[in-house]
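It should be emphasised that the depicted structure is a prediction, and the values quoted were computed from it without experimental measurement. Scope of the values below: all heavy atoms of this structure, side chains included, with no hydrogens, waters or symmetry mates. Order of the sequence lines sets the chain letters (A, B, ...), proteins ahead of strands, with each chain counted from 1.
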Number of protein chains: 2
Amino acid sequence: MRPTVHDIAAEAGVSLATVDRVLNNRPGVRSVTRDKVERAIATLGYVRDVAAANLAKGRSYSLIFILPAGENSFMRGLEAEVRAARARLAAERTEIAILCVPAFDVCAMADALAEARRQRPAGVAVVAVDAPEVAQAVEHLREDGIAVVTLVSDLPGSTRDHFAGVDNIAAGRTAGNLMGRFLGDRAGPVAVVAGSMLVRDHRERLEGFQAVMRQCFDTRLLLPVVEGQDDAALVEKLVSALLERHPDLAGIYSLGAGNRGLVAALEKAGRAEAVCAIAHELTPYSRTALLSGAIDVLLNQDAGHEVRSAIRVLKAKADGLAVIEAQERIRIDIFLKDNLPIEQA
Amino acid sequence: MRPTVHDIAAEAGVSLATVDRVLNNRPGVRSVTRDKVERAIATLGYVRDVAAANLAKGRSYSLIFILPAGENSFMRGLEAEVRAARARLAAERTEIAILCVPAFDVCAMADALAEARRQRPAGVAVVAVDAPEVAQAVEHLREDGIAVVTLVSDLPGSTRDHFAGVDNIAAGRTAGNLMGRFLGDRAGPVAVVAGSMLVRDHRERLEGFQAVMRQCFDTRLLLPVVEGQDDAALVEKLVSALLERHPDLAGIYSLGAGNRGLVAALEKAGRAEAVCAIAHELTPYSRTALLSGAIDVLLNQDAGHEVRSAIRVLKAKADGLAVIEAQERIRIDIFLKDNLPIEQA
DNA sequence: ATATTTTTGATTTACGTACATCAAATCTTC
DNA sequence: GAAGATTTGATGTACGTAAATCAAAAATAT
């Protein structure tokens with residue numbers, strides 16, 4: 001049987017009230033007495049029952065998630081994961097509210113953060129737009145003792161408690177390594193399609209990709225980056241142009257969204273097989289393209305993991321507890337058609 | 001404020017006792033009354049506070065982990081993860097005991113399972129040896145209503161509740177795909193080093209690897225499998241022989257343990273760079289080899305994830321709850337030197 | 001209508017911890 | 001050794017649910 005506070009009191013030869021004073025370090029205990037109690041705790045191996053403690057304290061966690069609106073598949077998947085987590089955590093004194101704001105809109109995001117602050121939650125998770133106004137709004141939250149976690153996209157200039165997302169430089173490097181090795185001695189240049197260089201993730205992926213290509217595959221010609229604004233139609237136009245201009249194009253690294261356009265362009269040109277395509281994020285579209293061979297490798301961040309990690313960290317930070325960094329590291333998934341997880345309904 | 005059972009009683013116009021009868025489906029409630037209560041639950045959006053319920057019930061989970069003894073790096077890492085989880089879960093009414101049994105010893109494992117059964121835990125997690133006696137012992141546990149999860153290595157002939165591990169056929173296919181593409185047009189045969197064909201994981205990895213090589217890279221000569229018994233010294237000897245016999249050896253897939261031997265052989269022959277090596281499990285040794293270039297790709301299963309997943313599933317099964325399959329799927333990590341996680345102390 | 005069974009209400013205790021109050025005991029200090 | 005301050009004990013209530021008891025009410029059977 002696990003020891004309780006009563007057992008500690010008996011073992012230490014003090015009253016329950018004194019044990020309580022020691023456990024919750026309240027004043028009015030002589031150090032000799034405190035020692036006695038602490039020794040009893042150690043010998044009996046007492047650990048506080050957090051469930052009972054939270055019940056007694058009436059502790060509950062209210063969290064707010066701020067996500068970009070719009071029809072980005074990945075972001076909608078992320079939202080679905082937040083909703084799933086909310087349903088599960090309803091039974092565990094944790095309430096989650098979701099705020100959707102227009103994508104890439106600095107003012108809207110700052111406003112949403114201010115609104116979140118007004119609601120005085122225990123913590124806020126935000127897919128951050130990398131702007132000073134947003135960093136400023138995060139500071140205000142932190143000043144009010146609200147835990148803040150950035151999700152997917154970080155905000156390095158701020159004092160956010162934690163970033164729940166992948167190392168995008170490493171992701172870019174990985175893409176570079178795979179591209180270089182997959183192409184081997186095959187001739188032809190490599191193109192990079194980004195969403196926008198204004199977004200931190202994309203800049204970092206590009207940086208990593210270019211670094212590896214320069215370092216390890218320096219004979220390979222790297223074409224200038226084109227920006228598709230994460231828009232499928234624009235991406236298709238740009239990639240079609242690339243394919244036309246470079247009949248010997250060997251590979252394409254698509255580090256943003258809009259993969260539908262990439263695949264459409266490749267297939268219309270009849271070069272889906274010939275060109276080695278590496279893209280990001282597993283969505284219904286990219287899954288199909290991977291299986292058909294139009295895309296060769298998909299790099300992915302698991303939205304479910306990111307959301308669950310963000311929640312764990314927010315709760316821990318709200319209670320002033322340490323987080324296990326190793327457990328909260330979000331890994332870069334590499335999917336080939338052979339290790340694609342079964343599609344879920 | 002979240003509604004409580006009292007609120008339900010008030011809303012439904014019945015007593016607390018009746019609400020309790022409905023919630024815990026005890027007998028003695030007319031269906032009309034039951035409906036009233038259920039409607040109140042729905043309208044107020046009541047969800048049972050599991051922490052309070054478990055406290056009241058005095059519910060606690062005792063789990064037993066059965067792991068192979070020996071100096072296998074991966075298994076010791078797994079044990080460390082179990083210990084870490086035990087320390088964390090002590091505060092959450094979950095007690096974990098660890099039983100180590102000699103590796104690959106069918107009798108010892110059956111005995112351990114019988115011993116576990118005697119202790120009447122809520123659940124048992126076991127790194128299963130694939131043998132009928134073990135499956136039989138698992139049946140006995142299940143008959144006693146004890147939840148059973150296989151860990152890392154499955155036991156398909158049994159009625160275990162769940163398998164917490166990776167799809168090893170997919171892992172083998174992934175290795176095959178990467179090997180084929182990394183080698184490209186380079187000439188030379190590919191060798192496979194297994195631990196033992198008596199172990200299910202290894203058989204499955206081999207099956208997947210061979211299938212992809214035959215299917216997609218059929219011009220590549222695949223040498224007959226050699227078995228290194230997961231022993232570094234033996235692996236070194238076998239790989240050295242392979243290197244000598246095949247001066248044009250292009251690649252090696254090591255699907256078992258003993259990577260120290262693999263790397264030693266490659267380095268002594270001065271062919272660490274030239275030969276494309278794909279191996280399994282991230283350990284301090286394999287990490288070094290990946291960074292030095294001796295190993296080109298590491299496939300890994302995250303022991304921490306597997307342990308935490310096993311615990312979640314065991315608790316859910318013990319309570320007769322459903323598990324979220326998507327959340328419990330253990331992914332195959334693919335590590336290149338570029339996406340290797342920071343080493344933890 | 002009465003007897004019998006079934007359903008419901010009212011109330012209490014318990015789980016392990018937090019927190020508050022007030023009295024009693026023990027220390028300081030002069 | 002008395003006055004004051006500090007430390008400790010005893011006790012009660014609360015959190016939200018589970019589970020039990022016994023009485024009261026309502027339904028059903030005779």
Side-chain angles (χ1 to χ4, degrees), chain A residues 1-41 44-62 89-95 319-321, chain B residues 1-41 44-62 89-95 319-321:
Chain A
M1 219 38 199
R2 264 185 58 187
T4 73
V5 278
H6 295 86
D7 301 321
I8 304 300
E11 171 79 15
V14 299
S15 76
L16 211 55
T18 301
V19 174
D20 181 68
R21 288 180 185 114
V22 173
L23 277 176
N24 299 291
N25 39 248
R26 280 184 252 277
V29 186
R30 271 187 308 170
S31 58
V32 259
T33 317
R34 187 173 292 273
D35 283 356
K36 267 199 298 187
V37 174
E38 269 156 5
R39 227 160 325 133
I41 289 174
L44 294 187
Y46 169 82
V47 270
R48 191 196 303 258
D49 183 324
V50 285
N54 282 345
L55 179 59
K57 275 193 285 221
R59 182 93 174 88
S60 74
Y61 304 86
S62 67
L89 294 180
E92 296 172 34
R93 325 193 119 243
T94 303
E95 278 155 40
D319 287 341
L321 303 176
Chain B
M1 218 40 199
R2 265 184 57 187
T4 74
V5 278
H6 295 86
D7 301 323
I8 304 299
E11 171 79 15
V14 301
S15 77
L16 210 56
T18 301
V19 174
D20 181 69
R21 288 180 186 114
V22 173
L23 277 176
N24 299 292
N25 40 249
R26 281 183 250 279
V29 185
R30 270 188 307 168
S31 58
V32 259
T33 317
R34 187 174 292 274
D35 283 356
K36 266 199 298 186
V37 174
E38 270 157 6
R39 226 159 329 138
I41 289 173
L44 294 187
Y46 169 82
V47 270
R48 188 202 238 99
D49 183 325
V50 285
N54 281 345
L55 178 59
K57 274 193 285 218
R59 181 95 175 87
S60 74
Y61 304 85
S62 67
L89 294 179
E92 295 172 34
R93 323 192 122 243
T94 304
E95 278 154 39
D319 287 340
L321 303 176

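- For residues 21-35 of chain B, the pairs satisfying salt bridge (Lys or Arg N to Asp or Glu O under 4.0 Å) are D20(B)-R26(B), with sequence neighbours left out.
- Shown here are the side chain to side chain donor-acceptor pair (under 3.5 Å) partners of R48(A), two or more places apart in sequence or in another chain: N24(A).
- Between V32(B) and T4(A), the residue anchored closer to the 5' end of DNA chain C is V32(B), taking for each the nucleotide with the nearest heavy atom.
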Could you go through residues 52-60 of chain B and list every donor-acceptor pair under 3.5 Å that involves a side-chain atom there, pairing it with any protein atom two or more places apart or in another chain?
from	atom 1	to	atom 2	distance (Å)
R59(B)	NE	D319(B)	OD1	2.9
R59(B)	NH2	D319(B)	OD1	2.9

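- At a non-hydrogen distance threshold of 4.0 Å, G13(A), V14(A), S15(A), A17(A), T18(A), R21(A) from residues 8-23 of chain A come into contact with DNA chain D.
- OP1 or OP2 of dA27(D) lies within a sub-4.0 Å distance of a side-chain N or O belonging to R30(B).
- Against DNA chain C, the stretch residues 44-60 of chain B makes heavy-atom approaches under 4.0 Å through L55(B), A56(B).
- If you check every strand for non-hydrogen atoms under 4.0 Å, R93(A) touches sugar and phosphate atoms only.
- Checking R2(A) against G28(B), the closest nucleotide of DNA chain C that is more toward the 5' end is the one next to G28(B).
- The distance from atom NE2 of H6(B) to atom C1' of dT12(C) is 12 Å, rounded to the nearest whole Å.
- Between K36(B) atom NZ and dT7(C) atom P the separation is 14 Å, expressed in whole Å.
- The side chain to side chain donor-acceptor pair (under 3.5 Å) check on R2(A) picks up nothing, with sequence neighbours excluded.
- The distance between atom CG of D7(A) and atom P of dG16(C), rounded to the nearest whole Å, is 9 Å.
- Across A12(A) and A40(A), no two heavy atoms sit closer than the pair CB-CB, 3.8 Å.
- Between A90(B) and V47(A), the shortest heavy-atom distance links the atoms O-CG2, 3.7 Å.
- Put simply, CD on E92(A) is 15 Å from C1' on dG16(D), counting in whole angstrom units.
- Screening residues 7-17 of chain B for salt bridge (Lys or Arg N to Asp or Glu O under 4.0 Å) gives no qualifying pairs among residues at least two apart or on separate chains.
- Considering only residues two or more places apart in sequence or on other chains, S62(B) meets the side chain to side chain contact (heavy atoms under 4.5 Å, CB included) condition with P121(B).
- Residues I41(B) and L23(B) share a closest heavy-atom pair of CD1-CD2, 3.9 Å.
- What separates CG of N24(A) from P of dA20(C) is a distance of 10 Å, to the nearest Å.
- Nucleotide dT21(C) holds its P atom 12 Å from the CZ atom of R26(A), rounded to whole Å.
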